[in-house]
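What's counted below: heavy atoms across the whole structure, side chains too, no hydrogens, waters or symmetry copies.
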Amino acid sequence: MGSLLENYILFWICIIGLCLGSFFNVVILRSLSGESLVFPSSKCPKCGNKLKPWHNIPVLSYLFLQGKCAFCKEHISFQYPIVEITTMGLFAYSFIKFGISWQTLFSIAFCSFILIMTVTDIKEKIVDCNLAIALAVIGIIYNWICKDALLDSILGLLIAVLIIESIARLGFLVSKNRAMGEADSYVAGALGACF
């Protein structure tokens with residue numbers, strides 16, 4: 001594969017990363033609120049006005065609007081461009097590291113789920129367990145098809161869950177509460193399934 005083709009593919013991976021990063025911001029905001037990821041269309045969280053398509057261009061809209069809503073002029077969280085640029089960087093790194101391969105697709109999927117869960121955890125101190133379950137399934141499928149390591153992946157999931165659940169339940173001996181949240185076990189299981 002020539003470097004011109006690689007650069008062309010890398011360019012589009014970066015564009016896709018920016019666009020998906022914009023979507024990930026929607027997932028982060030709506031996954032825990034119970035709102036649909038599709039409807040209603042994007043709106044200002046402050047004034048509720050529906051955004052125009054040119055208000056949703058990753059990174060550029062934030063810069064052109066100087067980090068403010070086009071309608072009410074309230075400050076827009078810096079989270080938006082950070083998530084978009086981070087997603088682009090992770091996607092680009094995955095392609096640069098692994099080239100055209102299943103490993104690149106797995107790396108992109110893995111980074112996407114981890115990024116969404118991390119930002120949600122930072123913002124709300126909660127992780128959507130459905131995302132961790134989906135990541136675990138992706139990890140098992142990837143290891144089964146690409147690494148011929150189905151049993152290893154399942155064992156990794158089970159061992160990780162057992163370790164974190166054991167630690168979490170030790171909290172009942174001290175404070176009558178779990179030492180960690182339930183989502184930690186789901187995330188540990190997903191990581192065990194992937195690695």
Go through the side-chain N and O atoms of T104 and S101 and say whether any donor and acceptor fall under 3.5 Å apart. yes

Within a strict 4.5 Å, meaning less than it, do heavy atoms of the L4 and Y8 side chains meet? no

Spell out, as yes or no, whether a donor-acceptor pair under 3.5 Å connects the side chain of K176 to the backbone of L173. no

From the options Y142, F113, F195, select the one residue that forms a ring-ring contact (aromatic ring centres under 6.0 Å, His included) with F106. Y142

Partner of P58 under side chain to side chain contact (heavy atoms under 4.5 Å, CB included), picked from I15, L18, N25, is L18

In Å, rounded to the nearest 0.5 Å, how long is the span from OG of S166 to CG of L162? 6.0 Å

Between I57 and F71, is there shared hydrophobic-cluster membership here, with clusters defined by ILVMFWY side-chain heavy atoms closer than 4.5 Å? no

Same cluster or not: F110 versus M117, using hydrophobic residues (I, L, V, M, F, W, Y) connected whenever any side-chain heavy atoms lie under 4.5 Å apart? yes

Donor-acceptor check, side chain of D184 to backbone of G181, threshold 3.5 angstrom: yes or no? yes

Assess the residue pair W102 and I145 against the criterion (side chain to side chain contact (heavy atoms under 4.5 Å, CB included)); give the C-alpha distance rounded to whole Å, side-chain angles, the decisive distance to 0.1 Å, and a yes or no. CA-CA 10 Å; W102 288 109; I145 293 174; over 6 Å; no

Donor-acceptor under 3.5 Å (N143 side chain, A193 main chain): yes

Donor-acceptor contact below 3.5 Å, side chain D121 vs main chain V127: no

Side-chain (S61) to main-chain (W54) donor-acceptor, under 3.5 angstrom: yes

Could you tell me whether a side-chain N or O of E84 sits under 3.5 Å from a main-chain N or O of V59, the two making a donor and an acceptor? yes

Going through the checks in order, is the side chain to side chain contact (heavy atoms under 4.5 Å, CB included) test met by Y80 and L29? CA-CA 11 Å; Y80 291 91; L29 290 172; 2.9 Å; yes

Before you tell me yes or no, could you show the steps for F98 and S107 under side chain to side chain contact (heavy atoms under 4.5 Å, CB included), namely the whole-Å CA-CA distance, both residues' side-chain angles and the distance that decides it to 0.1 Å? CA-CA 9 Å; F98 302 115; S107 178; 3.9 Å; yes

Can you find a pair of side-chain heavy atoms, one from R169 and one from F172, that are under 4.5 Å apart? yes

What's the separation between atom CD1 in I108 and atom CD1 in I13, rounded to the nearest 0.5 Å? 5.0 Å

Going from CG on L150 to CG on L155, what distance comes out if it is rounded to the nearest 0.5 angstrom? 9.5 Å

Heavy-atom closest pair (C194 atom, G139 atom, distance to 0.1 Å) is SG-CA, 3.8 Å

Taking all atoms of both residues into account, what is the closest heavy-atom pair of A70 and H55, and its distance? CB-NE2, 3.4 Å

At what distance, to the nearest 0.5 angstrom, does OG of S22 lie from OH of Y62? 13.5 Å

Between W144 and L158, is there shared hydrophobic-cluster membership here, with clusters defined by ILVMFWY side-chain heavy atoms closer than 4.5 Å? yes

Ion pair R178/E182, N-O distance below 4.0 Å: no

Given the rule in the side chain to side chain contact (heavy atoms under 4.5 Å, CB included) test, do I28 and E124 qualify, once you have shown the distances and angles that lead to the verdict? CA-CA 10 Å; I28 290 162; E124 305 292 336; over 6 Å; no

Heavy-atom count around F64 CZ within 6.0 Å, excluding the residue itself: above 12? no

Counting only heavy atoms not in Y93, do more than 12 fall under 6.0 Å of its OH? no

Quick one: pull up CG in D128 and OH in Y186 and give me the separation to the nearest 0.5 Å. 10.5 Å

Return the minimal non-hydrogen interatomic distance between S42 and V26, and the atom names on each side. OG-CG2, 4.4 Å

Check whether V83 and I114 end up in the same hydrophobic cluster, where Ile, Leu, Val, Met, Phe, Trp and Tyr are linked by side-chain heavy atoms less than 4.5 Å apart. yes

Heavy-atom closest pair, residues S94 and C111: OG-SG, 4.3 Å

Approximate separation, where rounding is to 0.5 Å, of Q103 CD and F95 CZ: 13.5 Å

F23 reachable from V119 in the ILVMFWY side-chain graph, under 4.5 Å edges: yes

Could you check I163, I167, I164 and say which one makes a side chain to side chain contact (heavy atoms under 4.5 Å, CB included) with S185? I164

